[in-house]
Number of protein chains: 2
Amino acid sequence: MDAPWLSADEEQAWRAFRRLLVALPARIGRDLAHDSGLSPADYEVLSTLSEKPDRRWALKDLAAKMEWSRSRLSHHAARMQARGLIDKEPDPQDARGCILHLTDVGYRVLAEAAPHHVVSVRSRFLDQVSSDELAMLRKLSTRIADLPD
Amino acid sequence: MDAPWLSADEEQAWRAFRRLLVALPARIGRDLAHDSGLSPADYEVLSTLSEKPDRRWALKDLAAKMEWSRSRLSHHAARMQARGLIDKEPDPQDARGCILHLTDVGYRVLAEAAPHHVVSVRSRFLDQVSSDELAMLRKLSTRIADLPD
DNA sequence: GTACTTTCGTTGACATGTCACTGAGATTTC
DNA sequence: GAAATCTCAGTGACATGTCAACGAAAGTAC
């Protein structure tokens with residue numbers, strides 16, 4: 001086939017980057033589970049909920065904010081509710097809706113997890129890149145992630 | 001808590017990079033499934049197998065090469081075998097062992113998938129970064145991925 | 001206000017990956 | 001060469017995520 005192909009440089013860069021795409025989240029996720037018993041998904045839900053002053057967020061809005069499907073968040077919220085990390089309230093604005101609320105337990109778990117997680121992100125990622133590299137990576141990440149799906 | 005925390009720059013860079021970590025594999029994986037009916041894991045197995053002249057690889061060596069657990073590869077190979085993409089042979093060197101072999105069907109599926117996949121990787125990733133950025137990304141990725149687990 | 005359409009959260013079936021364990025077969029040690 | 005140890009592939013239970021449905025409730029058009 002006279003397919004479009006990758007140059008040696010592109011091939012090696014893509015391979016190296018793919019390794020990073022797999023290894024970095026795996027390592028940070030493992031740290032998180034070890035330190036706090038939370039999955040990366042748990043942490044994302046808890047930390048996003050905690051951003052709102054009343055620790056409440058409509059399911060659909062939280063799903064949109066995290067770029068999750070509503071189905072995924074519905075499943076995950078059910079599991080987190082069973083563990084007491086969040087609870088659900090009816091939405092007074094919309095009888096179909098559902099408000100997720102970070103419980104005190106959830107907040108304490110998050111508060112305990114956060115500093116360990118920051119150490120993990122630092123040691124496994126931030127400490128390894130220069131500020132120039134970090135700035136470039138940020139621009140590049142935003143540019144690519146902002147492309148249409 | 002007087003926890004170690006992230007600066008605004010670090011925080012934004014980490015957020016942007018996390019978006020990329022999620023979005024890029026998802027998009028390329030969706031393209032792959034749409035174009036070829038293969039998952040990213042399928043593609044990685046097929047393409048790695050195809051690198052050997054005889055299209056054969058011992059399960060443990062293939063798992064090590066791809067940095068997968070043997071359990072994961074065992075499960076995945078069983079599914080791929082059921083679809084006729086690969087088959088399994090006893091290892092003449094080691095009666096515990098298992099040789100995975102890319103079938104003709106698997107090879108054809110890979111050959112059909114590859115050019116589409118290259119287009120996808122190009123349009124969603126390579127075309128979006130300059131050669132300087134790509135070189136930096138490669139160095140940075142290798143440096144981080146090579147850290148101990 | 002009544003039908004059509006859209007949105008919301010949930011559900012169930014399914015695919016994938018992890019983990020702990022197993023039995024068969026190598027390898028090492030003495 | 002027998003016994004202890006390690007390695008290999010496979011397995012089952014489980015957690016997570018996707019997808020296509022669904023019923024209920026809003027929103028829209030007429």
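Here is the naming used below: chain letters follow the sequence lines, and residue numbers restart at 1 for every chain.
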Interface residues of residues 45-61 of chain B with DNA chain C (non-hydrogen, below 4.0 angstrom) =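 Of all residues in residues 45-61 of chain B, none places a heavy atom under 4.0 Å from DNA chain C.
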Looking at DNA chain C, which of residues 87-103 of chain B put a heavy atom within less than 4.0 Å of it?
->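 Going residue by residue through residues 87-103 of chain B, the ones with a heavy atom under 4.0 Å of DNA chain C turn out to be B:D94, B:A95, B:R96.
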To the nearest angstrom, how far is B:L62 atom CG from D:dA9 atom C1'?
->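 My rounded result for the distance is 13 Å.
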Between D:dA9 (P) and B:W68 (CH2): distance, integer Å =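 B:W68 atom CH2 is separated from D:dA9 atom P by 14 Å.
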Which pairs would a plain distance check flag for residues 84-95 of chain B, meaning a side-chain donor or acceptor within less than 3.5 Å of a matching protein atom at least two apart in sequence or in another chain?
residue: B:D87; atom: OD1; partner: B:H101; partner atom: ND1; Å: 3.1
residue: B:E89; atom: OE1; partner: B:R56; partner atom: NH1; Å: 2.9
residue: B:E89; atom: OE2; partner: B:R56; partner atom: NH1; Å: 2.3
residue: B:D91; atom: OD1; partner: B:Q93; partner atom: N; Å: 2.8
residue: B:D94; atom: OD1; partner: B:R96; partner atom: N; Å: 2.9
residue: B:D94; atom: OD1; partner: B:R96; partner atom: NE; Å: 3.1
residue: B:D94; atom: OD2; partner: B:R96; partner atom: NE; Å: 3.4
residue: B:D94; atom: OD2; partner: B:R96; partner atom: NH2; Å: 2.8

What are the 5'-most and 3'-most nucleotides of DNA chain C lying under 4.0 Å from any heavy atom of chain A?
->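 Under 4.0 Å from chain A, the extent on DNA chain C is C:dT7 to C:dG12.
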Presence of B:S74 side-chain N/O under 4.0 Å of D:dG10 phosphate oxygens OP1/OP2 |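 Yes, within the criterion.
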If you look at every heavy atom in [X] and [Y], which pair is closest and at what distance?
X: B:S130; Y: B:E133; value: N-OE1, 2.9 Å
X: A:L110; Y: A:S47; value: CD2-CA, 3.8 Å
X: A:L59; Y: A:L73; value: O-CD2, 3.4 Å

I would like to know whether A:S39 and A:L32 meet side chain to side chain contact (heavy atoms under 4.5 Å, CB included); could you show each step before the answer?
-> CA-CA 7 Å; A:S39 68; A:L32 188 59; over 6 Å; no
Are A:Y107 and A:V109 connected in the hydrophobic side-chain network, where two residues link if heavy atoms are under 4.5 Å apart?
->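 As far as the 4.5 Å side-chain criterion goes, A:V109 and A:Y107 are connected within one cluster.
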Contacts of B:S141 that satisfy side-chain hydrogen bond (donor to acceptor under 3.5 Å, both in side chains) - sequence neighbours left out =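 B:S141 satisfies side-chain hydrogen bond (donor to acceptor under 3.5 Å, both in side chains) with no residue once adjacent residues are dropped.
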With a 3.5 Å cut-off and sequence neighbours excluded, list the donor-acceptor pairs that the side chains of residues 15-29 of chain B form with protein atoms.
residue: B:R15; atom: NE; partner: B:E11; partner atom: OE2; Å: 2.8
residue: B:R15; atom: NH2; partner: A:E51; partner atom: OE2; Å: 3.2
residue: B:R15; atom: NH2; partner: B:E11; partner atom: OE2; Å: 3.1
residue: B:R19; atom: NE; partner: A:E67; partner atom: OE2; Å: 3.4
residue: B:R19; atom: NH1; partner: A:D146; partner atom: OD1; Å: 3.0
residue: B:R19; atom: NH2; partner: A:A145; partner atom: O; Å: 3.4
residue: B:R19; atom: NH2; partner: A:D146; partner atom: OD1; Å: 3.1
residue: B:R27; atom: NE; partner: A:D149; partner atom: OD1; Å: 2.8
residue: B:R27; atom: NH1; partner: A:I144; partner atom: O; Å: 2.9
residue: B:R27; atom: NH2; partner: A:A145; partner atom: O; Å: 2.7
residue: B:R27; atom: NH2; partner: A:L147; partner atom: O; Å: 3.2

Please answer whether the main-chain N or O of B:S71 pairs with a side-chain N or O of B:S74 as donor and acceptor at a distance below 3.5 Å.
->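 Side chain of B:S74 to backbone of B:S71: no pair is present.
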Check against side chain to side chain contact (heavy atoms under 4.5 Å, CB included), B:R108 and B:E112 = CA-CA 6 Å; B:R108 275 198 300 275; B:E112 157 67 21; over 6 Å; no
Taking ring pair (Phe, Tyr, Trp, His ring centres under 6.0 Å) as the test, write out the residues that go with [X], two or more places apart.
X: B:H76; value: B:W68
X: A:W14; value: B:F125
X: B:H116; value: none

Which pairs, protein N/O on one side and nucleotides 18-22 of chain D N/O on the other, fall under 3.5 Å?
residue: D:dT18; atom: O4; partner: A:H75; partner atom: NE2; Å: 3.4
residue: D:dC19; atom: N4; partner: A:S71; partner atom: OG; Å: 2.7

Determine, for A:R83 against A:D42, whether the closest basic-nitrogen to carboxylate-oxygen distance falls under 4.0 angstrom.
->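 Judged by the 4.0 Å cut-off on N to carboxylate O distance, A:R83 and A:D42 do form a salt bridge.
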What bend angle does the helix from C:dG1-D:dC30 to C:dC30-D:dG1 show across its length, from five-pair end axes and to the nearest 10 degrees?
->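 So the angle between the two local helix axes works out to 30°.
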Within residues 25-67 of chain A or reaching into it, pairs that qualify as ring-ring contact (aromatic ring centres under 6.0 Å, His included) - sequence neighbours excluded |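 Pairs touching residues 25-67 of chain A that pass the test: A:Y43-A:H117.
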